[in-house]
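Report on one structure; see the data block that follows.
Here is the naming used below: chain letters follow the sequence lines, and residue numbers restart at 1 for every chain. Here the structure is a predicted model, which means the values were calculated and not measured.
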2 protein chains.
Amino acid sequence: MPPSHTPGLDDGRAADPLQGTVDALVQLSFLVQGLLTRVAADHELSLVQVRLLGILRDRRPGMLELARHLDLDKSSMTGLVTRAERRGLVERLPSPHDGRGVLVGLTPLGRELTDRFTAEMDRRMAALTASLTAAEHTQIRALSAGLLRAAAEQA
Amino acid sequence: MPPSHTPGLDDGRAADPLQGTVDALVQLSFLVQGLLTRVAADHELSLVQVRLLGILRDRRPGMLELARHLDLDKSSMTGLVTRAERRGLVERLPSPHDGRGVLVGLTPLGRELTDRFTAEMDRRMAALTASLTAAEHTQIRALSAGLLRAAAEQA
DNA sequence: TATTGTTATACTCTATAACTATA
DNA sequence: TATAGTTATAGAGTATAACAATA
């Protein structure tokens, strides 16, 4: 792989057109993740907390299901949920069907924060993609869908 | 914002073509970062360690310069470099021009590991993009370059 | 016995504030 | 005084192993 693979390697001086596809995808991923991380931090959230809240927008899963979605060990979920609970963003509810289980759901405060984060992220991403043509928007969606499909097939 | 914003939200069932540009970019970024993280873990590296080693491939910066590149506080660098040093991947050298400073460089072992990581990452990304047409490869590079430029302009 | 979740423990990563040594 | 770097400390995030309670 050519020059970088990661940001921080190029100082901004390497906006070269010879950049390969791998570097393009890697650098783009760091750009988007950096934006996500900064907007999350502005809301006093970490990236994993944003993901947690995002999952809970339309579900009320148990701890194991959450762990699967986030690709974490179940033991890592306990602290993650507890910290979010301490901030009043989520709540643990006893599972009605299984005395061992708990269900995790958003509180109204958690939903508000999630919505505010999402709105701000949309705003920032819109600013970033403002200069793209309609054709380029279409390209992005198609390329992303294609690569996600390829990844799913490999798994 | 539509449905997700993050992976783990869609179960794989939401490969829908109505996905917006923001979601496309966010999901693509999680795909690439997930791959980076997994390949890094296969080499017993974290993402930030990969970035550190990547920076050192063609430089021998001081701690402050490293902190700037990685967007970390200088105090965070001490432990990061110390842990890498303990594993024999990098070394601290006294700065020849400044009695206070140290320069950080890759060891031969660190360079080997960096090269192995990079080769594996290339292999995995190549597998992912294997089915893309030449035109699509060009599109990715152009889109990435354009968005990185837009981000640079905003900063 | 198997499953759900927590606890105990240890490590990485990160920041803030205070410090040392050199410039 | 200012700068380069470390230390002390605190906290988030993660995993492994052992545990409790329920199925």
Side-chain angles (χ1 to χ4, degrees), chain A residues 6 8 30 33-34 36-38 40-55 60-87 89-105, chain B residues 6 8 30 33-34 36-38 40-55 59-105:
Chain A
T6 68
F30 273 104
Q33 295 272 314
L36 276 166
T37 301
R38 262 174 281 123
D42 289 345
H43 294 78
E44 313 214 68
L45 292 170
S46 69
L47 211 41
V48 69
Q49 285 172 328
V50 164
R51 295 181 63 199
L52 170 64
L53 297 180
I55 291 171
R60 188 161 287 198
M63 299 296 272
L64 283 181
E65 193 180 345
L66 273 178
R68 252 189 305 110
H69 282 303
L70 294 172
D71 195 27
L72 295 175
D73 190 87
K74 59 180 179 170
S75 68
S76 301
M77 289 310 312
T78 301
L80 197 60
V81 168
T82 298
R83 287 187 292 272
E85 201 173 26
R86 207 157 50 208
R87 288 181 55 186
L89 304 178
V90 309
E91 55 188 355
R92 280 179 169 94
L93 307 163
S95 169
H97 300 317
D98 188 331
R100 300 166 300 180
V102 300
L103 302 184
V104 184
Chain B
T6 67
F30 272 104
Q33 295 272 313
L36 276 166
T37 300
R38 262 174 281 123
D42 289 344
H43 293 78
E44 312 213 70
L45 292 170
S46 68
L47 210 42
V48 68
Q49 285 173 327
V50 165
R51 294 181 63 200
L52 170 64
L53 298 180
I55 291 171
R59 295 181 219 187
R60 187 162 290 200
M63 300 295 274
L64 284 180
E65 192 180 345
L66 272 178
R68 249 190 306 112
H69 282 302
L70 294 172
D71 195 26
L72 295 175
D73 189 87
K74 60 180 180 172
S75 68
S76 301
M77 290 311 311
T78 301
L80 197 60
V81 167
T82 298
R83 288 186 294 273
E85 200 174 26
R86 206 157 51 207
R87 288 181 54 186
L89 304 178
V90 308
E91 55 189 354
R92 280 178 168 94
L93 307 162
S95 169
H97 300 317
D98 188 332
R100 299 167 301 180
V102 300
L103 301 184
V104 183

On DNA chain D, does the nearest nucleotide to A/H97 precede the nearest nucleotide to A/G79 from the 5' side, or the other way round? Give the residue.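 So the residue in question is A/G79.
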Please compare B/G101 and A/S76 by the position of their nearest nucleotide in DNA chain D and report the one closer to 5'.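 This one resolves to B/G101.
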Please report the distance, rounded to the nearest Å, between [atom1] in [X] and [atom2] in [N].
{"X": "B/L70", "N": "C/dA15", "atom1": "CG", "atom2": "C1'", "answer": "15 Å"}
{"X": "A/D71", "N": "D/dG13", "atom1": "CG", "atom2": "P", "answer": "16 Å"}
{"X": "A/E44", "N": "D/dG13", "atom1": "CD", "atom2": "P", "answer": "12 Å"}
{"X": "A/L64", "N": "C/dA2", "atom1": "CG", "atom2": "P", "answer": "16 Å"}
{"X": "B/E85", "N": "C/dT12", "atom1": "CD", "atom2": "C1'", "answer": "17 Å"}
{"X": "B/L93", "N": "D/dA4", "atom1": "CG", "atom2": "C1'", "answer": "16 Å"}
{"X": "B/L45", "N": "C/dT12", "atom1": "CG", "atom2": "P", "answer": "13 Å"}
{"X": "B/L80", "N": "D/dG13", "atom1": "CG", "atom2": "C1'", "answer": "16 Å"}

OP1 or OP2 of C/dT6 under 4.0 Å from side-chain N/O of A/R92: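 Yes, such a contact exists.
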Which of the following nucleotides, [options], is nearest to the side chain of [X]?
{"X": "B/D73", "options": "C/dT12, C/dA15, D/dA2", "value": "C/dA15"}
{"X": "B/V48", "options": "C/dC13, C/dA23, D/dT6", "value": "C/dC13"}
{"X": "B/K74", "options": "C/dG5, D/dT14, D/dA4", "value": "D/dA4"}
{"X": "B/D98", "options": "C/dT22, C/dT7, D/dT6", "value": "C/dT22"}

Distance-only, no hydrogens or angles: does the [X] side chain make a donor-acceptor pair with backbone N or O of [Y] under 3.5 Å?
{"X": "A/Q49", "Y": "A/S46", "result": "yes"}
{"X": "A/S76", "Y": "A/L72", "result": "no"}
{"X": "A/E85", "Y": "A/R92", "result": "yes"}

Rounded at 0.5 Å granularity, tell me how far CG in A/L52 sits from CG in A/L45.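 Result: 9.5 Å between the selected atoms.
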Once hydrogens and angles are ignored, does a donor-acceptor distance under 3.5 Å link the base of [N] to the side chain of [X]?
{"X": "B/S46", "N": "C/dT12", "result": "no"}
{"X": "A/S75", "N": "C/dT6", "result": "no"}
{"X": "B/R83", "N": "C/dT12", "result": "no"}

Mark yes when over 12 heavy atoms from residues, nucleotides or ligands other than B/D71 sit less than 6.0 Å from its CG; otherwise mark no.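 No, the 6.0 Å shell around CG holds no more than 12 heavy atoms from other groups.
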